[in-house]
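Here is how names work: the chains are called A, B, and so on, in the same order as the sequence lines, proteins then strands, and each is numbered from 1.
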Number of protein chains: 2
Amino acid sequence: MAAKTFVYSFEKGDGKNKKLLGGKGANLCEMTQIGIPVPPGFVITTEACIEYLESGNKMPKGLMAQVKSHLSEVEKKTGKGFGDPKNPLLVSVRSGGALSMPGMMDTILNLGLNDETVAGLIKLTKDKRFVYDAYRRLLSLFAKIALDLDEEIFDRILEDEKKKNNAKFDTDLKADSWKSICDEYLKVIKKETKKPFPQDPMTQLQMAVEAVFRSWNVKRAVDYRRQFNITKDMAYGTAVNICTMVFGNMGDDSATGVGFTRDPGTGDNRLYGEYLINAQGEDVVAGIRTPKQFKEMRKDMPKAYRELLKLRQTLENHYREIQDFEFTIEKRKLWCLQTRNGKMNAQALVKTSNDMVNEGLISEHEAVMRIAPDALEQLLHPRLDPAAGATPLAVGIAASPGAAVGEVCFTADDAVAMAEQGHQLILVREETRPDDIHGMFAARGILTSRGGKTSHAAVVARGMGKPCVSGAENIHIDYGKKKVSMGGRQFGQGEVITIDGGTGAVYAGKVPTIEPEMTEDMLSILEMADEIRTLGVWANADTPEAAIRSRQLGAEGIGLCRTERMFNDPARLPIFQEMILADNDEDRQAAIDKLVPMQKEDFKEIFKAMAGLPVIIRLLDPPLHEFLPTIEELMVDIKRLREFTMFMSTVQELPETMKILDPKLLEYVPAMDTVIKDLSQIRSSGIDEDLLTRKEETLRKVRSLTEVNPMLGHRGVRLGISSPEIYDMQIQAILEATAECILDGVEVKPKIMIPQVCTAQELRWVHERTVRIHSEVEKRYKVKVKYFFGTMIEVVRACMRAGRLAEVAEFFSFGTNDLSQGTFSFSREDAENKFLPLYNERQILQDNPFEILDVKGVGRLIDITIEWARKTRPDIEIGICGEHGGNPRSIEFCHQVGMTYVSCSPLRVPVARLAAAHARLKEMAGDELKEALAKQL
Amino acid sequence: MAAKTFVYSFEKGDGKNKKLLGGKGANLCEMTQIGIPVPPGFVITTEACIEYLESGNKMPKGLMAQVKSHLSEVEKKTGKGFGDPKNPLLVSVRSGGALSMPGMMDTILNLGLNDETVAGLIKLTKDKRFVYDAYRRLLSLFAKIALDLDEEIFDRILEDEKKKNNAKFDTDLKADSWKSICDEYLKVIKKETKKPFPQDPMTQLQMAVEAVFRSWNVKRAVDYRRQFNITKDMAYGTAVNICTMVFGNMGDDSATGVGFTRDPGTGDNRLYGEYLINAQGEDVVAGIRTPKQFKEMRKDMPKAYRELLKLRQTLENHYREIQDFEFTIEKRKLWCLQTRNGKMNAQALVKTSNDMVNEGLISEHEAVMRIAPDALEQLLHPRLDPAAGATPLAVGIAASPGAAVGEVCFTADDAVAMAEQGHQLILVREETRPDDIHGMFAARGILTSRGGKTSHAAVVARGMGKPCVSGAENIHIDYGKKKVSMGGRQFGQGEVITIDGGTGAVYAGKVPTIEPEMTEDMLSILEMADEIRTLGVWANADTPEAAIRSRQLGAEGIGLCRTERMFNDPARLPIFQEMILADNDEDRQAAIDKLVPMQKEDFKEIFKAMAGLPVIIRLLDPPLHEFLPTIEELMVDIKRLREFTMFMSTVQELPETMKILDPKLLEYVPAMDTVIKDLSQIRSSGIDEDLLTRKEETLRKVRSLTEVNPMLGHRGVRLGISSPEIYDMQIQAILEATAECILDGVEVKPKIMIPQVCTAQELRWVHERTVRIHSEVEKRYKVKVKYFFGTMIEVVRACMRAGRLAEVAEFFSFGTNDLSQGTFSFSREDAENKFLPLYNERQILQDNPFEILDVKGVGRLIDITIEWARKTRPDIEIGICGEHGGNPRSIEFCHQVGMTYVSCSPLRVPVARLAAAHARLKEMAGDELKEALAKQL
């Protein structure tokens, strides 16, 4: 039996097979095969890695033989020999899984150097400094990755040498320094591992490959995969890329850099990136030296710059996505070392996607699919208000756009701890490393004092869509004291700052923000999405302002207008309380008569804002006690009022008392009288015994309304049935508003929705009253008033009775917040504070079911409900108005189960439009999709 | 087309067709046809009534013609003429629907009398007194029923006449009095209706028939049908029975009475009933005169008595059920006027059913079906403790057995109002009437000062299974003052009395009660039920005592053993609190180590009580705060402790203070020292600053555990996962108890049940720990320990995930209390106090879903759950342990959906056994049932 193929040369490997060759390896093959200058090399497959790991870290049989054979090929292509002191071949060894995991990569450079080849290479290049620099890089990387030694030891040796030589940068060190560093490194390795550094290049290579294999299971990689839910079928094992070394540090005609084919911060269609002259790749990425912009290269190295422009064109035409590539210029010759799809912030992603459609590079479907729906929301989040005129304390590099306000914090662990306590924070670090990832997840924004736009902090923050200011060199961090100083001020942990990732500015305190506008690019992408999607997108809006905003953002209706917020208005709350507290029908009716016109005006404004579009108005939902002060508040008030009353009577008796005590005191009486008069005015302004009585009555009422489990209490339709005057008033206001709008020539589609319904009889009960009020309104206004009548589905029993409810209801709207509570028997308020975090940690629940719809439980219930409802009323309109309506994964589910629309908060409307298009595209089967694409291209 | 047949003679009517002829009519036909002496007559069908009512009260075409024709037949049979003054035929007109509705009946007697026939009849009978008495009965009944006049007017005229003549009883009045009463009645009728009393007998008859038709829709009839859920397909319309009058009031050789073929109070196989000499039927039923027992008839009218014994035999042999019949003796000749199945209390029903099986009269299936399961429970309710030696204040007739304790109340409306406020009450009336039915439903027992065993109060109370003492003539009721006096004492509304319906005794206050034993008859019936049923019956029992009682009552296992009650034991609560409050693992473990042996002993005792039978133990369910004092309690304690501490320090400084104030006070110091020493002892006995600190810590903990919606909070398995030491302790105790029982030679079937589960992952999490603990216990005890692992299904999501849960769970137990709360989103505590009564009143919900399983909603969920669970694990054991497990209607549902068993409170076990048999019998299709019956007979 022929041995399995574990190794592919860049000329042979299948550039599409990322699962086998890893993303980086596949791209090296692909680039080689489309004629991009890639240094010769080959890839060891992920299968080899899996076999290694699953056999308990044993090298697969035949693997090293295949490696040797491919190495010979490379020797032939380069004319160099691996371990040959005369013309030594040096190679890099890099990991690379199927999915890009920034910072997770392990790289060893300059493999093949040993005491002999070092000597040979010095002879060959006549550059002792370069060769020892290369050797020390090999030694430290090999020590860290293959020998598992602490890199701090090596850093310290380097720093000591720099101090000794008064060198600021690595480049300031001379050849002898590098040589002595190498000697120190070799000593350390021998001391720590009890073995000398392996001089045999082949041993070096095998150890390096094994180390890369093992790196798949290091903690930070495992954490990253868990964080992003990367399962085995998405990526399993890492490939190993072995590539001929090229050197950007062979003098001032050499350089190394990273580039994007377009600007990943703005999306502008121009080459973007940075380079360092006389440096090796990781010097750029690590952010230790601040690199130069490309525009300088046009002057510095015009030929290489032209080659770079050509490379950019080749890459984009081939990949049809923005590429993030690494290159090295070795003595004026450009080599491309790696390419991958560029991570961009949302704005850039939207712009480039739209541009590429216009350039004919990609289809509309591709453009739409390319943008993660959630990404859109960051574009709609507030940005700093220029009118605030805030003066920055420091300015760094604008590494990831958006503004963030938060408390300063200095370590990833602190960030996590503070975030868990509900704080919003800015992670402040000199530079970030892969170990800091959990802290970056926890933070609202990242501020670093070192590193450029391609530093770890910048790349990761852009991937996360979080604002980042990097390389703010004029800030000074003292980790020990947990202080950062800038612009002459000091900030300790917990003090608030604001960063603007779009300008790089850092401000003290909280800077005010303003609402963003939708860009042309976003509008264009959303129009594409609208063409594709079949699911409606409506908004939850309780006020005319919110309705207008929703419509601007593309809402096709209002799926939930909560009427309780109207009663919480400070001008109305007292009247609503009057209604609740009335102890006879007359008083109650008087309060209601005041409320009807107010409600009506609200509805009219909303109807006008949504002219021509449906508006679902939910009748009162919360229990009445929510509109009254709490027991505690009332008890405090009553105590104060009692004291005041006692004080007042004492004061009023004072003159009399004074007279009795001593007639001489009488001369003070006129002054006292003034005081008493003042106090009486206070009394007449409402603080009197009546108020006390009223407060005491309110307290009694509040006590009688108190519930053990208010979430499952006397609310929604239950209240509508026990206090029918409230619903009657609301129905009347809605229908009168409709009539008046019709008379004003406005097209209105009002829909009356009943909350907390659990039996068809409840619905019928309210419906009968609605019919009666409707006919009265039609008579009074002499106009035909069309309305719809429907129900929330937020109680489990309503799901079970869907068929019967659909007999009465013309539409259903899933209230998945309450429905999830009922299905799980979780009280959200309690669960999120008590056991949900633990459930997530112990892997009992993957997601918070109040954020992401629980498809397996609640979803199953929804599925059954829709099926039963449609049996009764095939054309029933079914939507969702819980928070899940704005969550892309949940929206996909809503599309799959055949809902008519989702309704979400106004800002989520664009997200939902895009997510609905995604859901539709994912659903298209092979042929259907091809056909749709064919039509577009 | 031939006219529809609306009228059937007693000789022709189909005695089985109660729907058409009504229960009473069908029986009159049946009795006539089996040779029982029934006065000639005929029945107008319910169809005629329906046609009348549905046509807007128009007499169906041809009906009166058919009536006339049948009347001629009767004239022929009796040799009398309707309206013929020479020998007038008098008839009664009675309503009678398909179902017996006691007290709902309208009857008019002596129809056919008018001024002329009265004169003729006097001539014929030579008994003016009798004839005018008959006439006044016709007049008052006709006025009330056919003319809708207030009977009070007529009663008043009668009472006035009695007063005038110094008559105590009606029988004391002479002919002239009756005549003048008739004259007054005729005048009143003319005055009130503006028309004279119709002299034409045919007009009388038609008006009477129409009145009976209309009586179907009077309020009390409609109420009764609603109360008992009598739907149109069960009974619709009333038939009208027209029957030749026979007279029990034609002198001392005439009588009237009611009888039962066996004693409806005890079930004894002997003729039972009462009669009144020289009286008409309603005199007995109305309870106005206290009648004589049958044993007296043996002497008074030996021939009639023999005929009565023969009648009893004929009736029972034919009907094969206890009959409740009315009869009249007219000049020594016995006529049977009506028969129906006798209402009995549970004890009598059980005894007669068992007896009839033994007598070969009925099959076992019939006996079982005959007994409403709920009826059994009253037999198991406590009865008065003879050892209490209470002395009755009054003794009446033992009209319906059982003891009842309650607050006195005097009107049906008060009874309803008080019951709604949660009071238990005894309705005290001179006599009850159909208008009092709602009050009788609300009361725990009924006490009347008039009427016998067949009075309205007695009959209705027996039907309801409520204790009743009737005819307690030595009690005196003052409705105006709402007082009853007896035995020299007075009781106002709300004061407590006790009645014993088994002895007729009435006691002041609450008399202690004792547990009843099962009778042989009940055991026999339950054995029959066990033969039939396929559904298991288990019990909910938390203590060894309850387990023993359950087993005695026939439980085949324990379906729910709640462990939280074990921690609420006063000796253990402090240790459990220690565990909750422990702020380190060591202290927590110390508390746990104390709890394990306690739990283990509990389990061992229960296992031994249930040896050989399964015992399901539910791990801890309630949230931890339920085991701690409330915030309010703690705040009061803390306030007191602070005051005490302050007081103590003041006291201890006193001697010093005294010295400073005045050296002379020093002589008091020794006395003070004694006081201080005493107080110090109090301090050292636990009331010290430490206690204050502990209370304050507890308060902090309680505050941190407080939840907004505790019902949906941190409890059940959620607690089991967040505080795994609790479940570990319980699992260990269960498995160690099992091991120790096995070593003691006891057969144990322990089942560990997890509450509040909503995901399979929760179950797996606990299961893994169980497996580990199990293997430790097996190792430690060196014995094979078999156990089962299962879950409560009480969270809706668990239903949706039934298939996955069944992968881990070997059994399911539906916790329908919580499941109903989750399905309805009703908090039981809140709902039952707030909106559920209103929901019932407004017909939104027929039943309280926490008492009777909501088949349409919760039931549908259960149905789906079972289907999905059985797909995964076909043999999964599924039961119910919510309160519904003891409700017969709910048990029928459990049988239908294929549960393995129901589990209910011990006292409900017999009820459940019988209900399970009913469910099985109802399910048997025609042939299957016939076959089963054939095997028995």
Part of A/Thr706 lying under 4.5 Å from any heavy atom of chain B: backbone

Any side-chain heavy-atom pair of B/Glu762 and A/Tyr839 under 4.5 Å: yes

Residue-level contacts of residues 798-806 of chain B with chain A, using a heavy-atom cutoff under 4.5 Å: B/Met800, B/Arg801

A/Pro710 side chain near B/Asn709 side chain, heavy-atom distance below 4.5 Å: yes

Atom pair OG (B/Ser825) and CD (A/Glu794), whose distance is rounded to the nearest 0.5 Å: 7.5 Å

Engaged part of A/Ser722 at the chain B interface, taking heavy atoms whose separation is under 4.5 Å: both

Taking every non-hydrogen atom, the tightest pair across B/Val795 and A/Thr823: CG1-O, 3.1 Å

Heavy-atom side-chain contact between A/Ile721 and B/Phe835 under 4.5 Å: no

Contact winner vs chain A - B/Ser820, B/Ala831, B/Gly822, heavy-atom pairs under 4.5 Å: B/Gly822

Heavy atoms of other groups near B/Asn584 CG, more than 12 under 6.0 Å: yes

Residue A/Leu845 versus chain B: region with a heavy atom under 4.5 Å: side chain

Distance in Å, A/Gln846 CD paired with B/Gln761 CD, rounded so as to fall on 0.5 Å steps: 8.5 Å

All side-chain hydrogen bond (donor to acceptor under 3.5 Å, both in side chains) counterparts of A/Arg769, not counting sequence neighbours: A/Asp728

Residues in residues 854-863 of chain A near chain B [non-hydrogen atoms, under 4.5 Å]: A/Asp854, A/Lys856, A/Gly857, A/Arg860, A/Leu861

Atom of B/Asp830, atom of A/Val708 and distance for their closest heavy-atom approach: OD1-N, 2.9 Å

Neighbourhood of chain A inside residues 711-718 of chain B, taking heavy atoms under 4.5 Å as contact: B/Met711, B/Leu712, B/Gly713, B/His714, B/Val717, B/Arg718

